[in-house]
Amino acid sequence: MLITHSVDEAIYLSSRIIVVTARPARIKQIIDIKFAYPRHEAIQELPEFGELRKTIRELVDERIPSPAGANPPAFLFE
């Protein structure tokens with residue numbers, strides 16, 4: 001398991017993404033990533049990649065705004 005703050009990195013590297021809420025961290029949603037391995041950078045240009053990015057960013061944007069200087073949301077992936 002790894003943690004990142006990059007939506008694109010999470011989609012590109014993972015088989016599953018876990019979006020968590022702000023403190024206290026709770027699992028908000030688990031998203032299975034269906035792209036086959038090995039992956040090539042070209043998948044980032046696929047419409048499916050863009051749809052996943054949009055979905056994940058919308059999940060993150062639903063949270064209550066963090067105070068200035070707070071850490072960005074994290075994504076767990078495996």
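- Atoms CD1 and CD1, on Ile27 and Ile18 in that order, are 5.5 Å from each other to the nearest 0.5 Å.
- At distances below 3.5 Å, not a single donor-acceptor pair connects side-chain atoms of Thr55 with backbone N or O atoms of Glu58.
- For the pair Arg39 and Phe35, the cation does not sit on the ring face, since its NZ or CZ is not both under 6.0 Å from the ring centre and inside 45° of the axis.
- The line from CD of Glu45 to NE2 of His40 is 13.0 Å long, rounded to the nearest 0.5 Å.
- The side-chain contact (heavy atoms from CB on, under 4.5 Å) search around Glu41 returns Tyr12, Gln44, not counting sequence neighbours.
- Nearest heavy atoms, Arg53 versus Asp8: NE-OD1, 2.7 Å.
- Here the closest heavy-atom approach between residue Ser6 and residue Glu9 is recorded as OG-N, 3.1 Å.
- A side chain to side chain contact (heavy atoms under 4.5 Å, CB included) with Ile17 is found for one member of Leu52, Thr4, Ile56 and no other, namely Ile56.
- Every residue two or more places apart in sequence or in another chain was checked for a side chain to side chain donor-acceptor pair (under 3.5 Å) with Arg57, and none qualifies.
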Exercise. After noting the C-alpha distance and the side-chain angles of Ile30 and Arg16, does the key distance pass the side chain to side chain contact (heavy atoms under 4.5 Å, CB included) rule?
Worked result: CA-CA 7 Å; Ile30 299 174; Arg16 183 177 334 160; 3.2 Å; yes

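- In this structure, the side chain of Ser15 does not engage the main chain of Ile33 through any donor-acceptor pair within 3.5 Å.
- Residues Ile11 and Phe49 come closest through the heavy atom pair CG2-CE1, 3.1 Å.
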